[in-house]
Amino acid sequence: MVSKKEDCVIELINITKTFPGTVALDRVDFFLKKNEVHALVGENGAGKSTLIKILTGYYTKDSGEIRVWSDPVTIRDPHDALSLGIAAIYQEINLPLDLSVAENIFLGRLPKKNGFIYNKKKLVKETQAVLQRLGVRIDPETPVRNLNVGQCKLVEIAKAITRDIKILVMDEPTAALPQKEVNMLFKLISSLKRQGISIIYISHHLDEIFQVADRVTVLRNGKNVGELLAVEENRSQIIKYMVGRQIDEAYPKNEIDIKDELLRVESLTKKGIYEDISFSLRRGEILGIFGLIGSGHTQLLRSIVGDAHPDSGKIIIMGNVKSINSPTVAHSEGIGLVPGDRKKEGMILSLSVEENITLGNQHSYCKYGIIQKKKKKKKASRWVEELMIKAHDLNQKVESLSGGNQQKVVIARLLESDADILLLDGPTVGVDVGAKTEIYKILENLCARGKGIILLSDDLMEILSITDNILVIKKGKMVKKLKSKSATKEELLQSAM
Amino acid sequence: MQALKKKRILKKRIDISGIGLFLILALIVAVLSIITPYFLTVRNIFSILLSVAIIGVGGVGQTLVIVSGGLDLSVESVIACTSVFIGLLNKQGFPLIVSIFAGLLLGPFVGYINGVLIAKRKINAVITTLAMMSIVRGVGLLLTNAKTIAISRSDFGFIGRGYLFGSIPFAVIVLIFIYFLFYFVLNHTPFGRNVYAVGGNPIATRLAGIDVDKYRIMIYTIAGGLGSLSGILFASIVGAGLPYGASGYALDIIAAVILGGTSLAGGIGTVQGTLVGVLILGVLSNGLILLDISSFWQMVVRGIVLVIAVEFDQLKLTKRK
């Protein structure tokens, strides 16, 4: 059921995009009709965000054609996209927090008096008009800092429609939104639709999609695998398209003997963030921790690595109670972290692959306090080979590596520090499909060597297939412990939501 | 294969030395030696090196601080106050070695306080060291009642004004030794490598198990020590404890470091670059003196060179992106 072209606002035809090592999009077609909400679904890494970024000018396509109102167009940068009436609202909020709501909405286009004086009265009045049109009640003069996440999303939407946008892309707009605000957002979406705006809606949540979308396009491994009506009856078909034939074969974890206990956490509590968390991690085990954004699971991981201090509870490492009050202590106790934000927290972009791998372990290459360069280089190159890090030499700066290889460099550092307890926060986010499976293989190898791994992931398929046990955290509380083998995606989501 | 390897090594060497900067220095030297024949004589070269010794030694400490993502404005007050310490103790009749040692303790003490305030209390480095600049300057003035204290001892004068082997100024040997020492420290010790890590990304460095706060404190302490060493050279060269002395040196030092390719954003920079930066400033003022151009022009020219050098650096950065 591919739609006819006549009433299309946007036609993406035969779009191909490759990144070093992977084909992110393989001859994808996508059609957005006038006045429709078109959902784009697919597993992580399926190519949704690449497709959107091509449409909004953040990436350029390798080949294919983009038409807007049947006219072929070229989109080289976000500015081109905006002038064609295409705007996007991303998951992360990207507003200057100290400016007021009104200033944010009209940023760069503030109304003027007599040519150059900033006309505040007019600004407030126009903002009120926009907000009214959206059916939102926010004071135009409040600083954005005082708004909640949902209200910030609304400000972004208001900003887009005042630019006379015809096509609005919404990337996971309900992530981190409470239910009440989700309903408000849905009302807003249908009102935008009535006002002649077409919407591309990216989401993992099928229920939402059936509620707001008219049609669904499913991407899998960079290909368009189907286009359907967004109705409840199509649910099983959509899921089938999303996951492909065999879920289990994707990343199988081999049976590894789980041995003695490495880490035990007993009723760890940090008030207002997480409460009474207890679990144990054994050698050879991958323990998954699953929770929605804001459930406190990230902070839990940070506490174990000494970056945030719990109020009460015990951390027991190989039978001994330890007080991990800084990452330096964690490092010496054999605990290592792969942080969630690779670029900001995981590595030093201005330094080389070798320096990043050996960071924190410099003293182990020393003789009389002087670094033995040969020894250091040898150690680093060993990990580059073993983890198959694609760098042209050890002196290459990490900023020029691909996401997957950067992540491997961070993992290599943990291995070089000989940590036994590895904490990984979303290690495959933004990593291409090929590198993903390689990272899974690396984790499996580490288990075979007797390490224990805690994995935080939003990717249901990933967490179900590569972990042994899963801990579900909801609003800071441990709500369920599951055996990964027998658990299902539905079970996991239901207990976390 | 062998040739290829050699070529690669050569390429690496050139990369490190920051070729653009070196070219600027070479150009200035070439022009000046054509205009004034005296310029390129051994005597004049040593006199240039001697004239940059104070700024040069302070520049090494500033390089460490800026590479680690900080800034130290208090260095000029440390230089002046060190000279005051030595002058006062000498006047009281303490042995020379004791006076020098006391002067050498001042800088690390001030640096340690800077480090603690910046690392532990998270006070902005510019504000902290600006406050410290004022405090230390004030202490020097209080101790002396704003009067110059003469240090008329030939053995002390040797440090800044004496010559070894007839023609090599002792201070120049100190300068060269400090650069070699810190080149080695930055490139071959864990401390040195971690200075780059701390400046490149303090969050990631901390999570990798390095005690970033401790490093920051150490770096400011060492920079303070180098400031005091500069102060000793200063006291010896002028032959006095000068409570008002060295004013404006912080900007000269920071200018030389930035000129030398160190990034104010942290994580990037070398002491050899700083040496080139220091030399560019030294050669320029020497040349202008030889050409008998007003010293006010020196300030104008220095500012222009700084802007050009930074512009050059920006160009390199944008090209890389």
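Worth knowing before you read on, the calculation uses all heavy atoms, side chains too, and leaves out hydrogens, waters and symmetry mates. By convention in this document, chain letters (A, B, ...) are assigned in the order of the sequence lines, proteins followed by strands, and residues within each chain are numbered from 1. Just so it is clear, the model here is predicted, and its values are computed rather than measured.
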Q. What part of B/Asp211 lies closer than 4.5 angstrom to a heavy atom of chain A: side chain, backbone, both or neither?
A. both
Q: Check each atom of B/Phe184 against the heavy atoms of chain A and say whether the ones under 4.5 Å are side chain, backbone, both or neither.
A: side chain
Q.
Can you tell me which portion of A/Leu351 sits under 4.5 Å from chain B's heavy atoms? Options are side chain, backbone, both or neither.
A. side chain
(Q) At a 4.5 Å cut-off on heavy atoms, which part of A/Glu345 comes close to chain B: side chain, backbone, both, or neither? (A) both
Q: Output the distance between atom OG (A/Ser326) and atom CD1 (B/Ile210), rounded to the nearest 0.5 Å.
A: 12.0 Å
Q. Of the non-hydrogen atoms in B/Ala204 and A/Leu359, which two are nearest, and what is the gap between them?
A. O-CD2, 4.5 Å
Q: Taking all heavy atoms of A/Ser350 and all of B/Gly200, pick out the closest pair and write down the distance.
A: OG-CA, 3.9 Å
Q) Does the side-chain contact (heavy atoms from CB on, under 4.5 Å) test come out yes or no for B/Asn201 and A/Met347, once each step is laid out? A) CA-CA 7 Å; B/Asn201 186 343; A/Met347 56 193 171; over 6 Å; no
(Q) Quick one, A/Gln362 and B/Asn194 - any side-chain contact, counting heavy atoms below 4.5 Å? (A) yes
Q.
So A/Thr328 and B/Val212, do their side chains get closer than 4.5 Å, heavy atoms only?
A. no
Is the count of non-hydrogen atoms from other residues, nucleotides or ligands lying under 6.0 Å from [X] atom [atom1] greater than 12?
X: B/Phe191; atom1: CZ; answer: yes
X: B/Tyr112; atom1: OH; answer: no
X: B/Lys122; atom1: NZ; answer: yes
X: A/Lys373; atom1: NZ; answer: yes

Q: Report the C-alpha separation of B/Arg193 and A/Lys376 in whole Å, then their side-chain angles, then the decisive distance to 0.1 Å, and conclude whether the side-chain contact (heavy atoms from CB on, under 4.5 Å) test is met.
A: CA-CA 12 Å; B/Arg193 299 320 298 159; A/Lys376 182 172 153 186; 4.0 Å; yes
Q) Hey, mind stepping through A/His363 and B/Thr189 against side-chain contact (heavy atoms from CB on, under 4.5 Å) and telling me if it holds? A) CA-CA 8 Å; A/His363 289 277; B/Thr189 67; over 6 Å; no
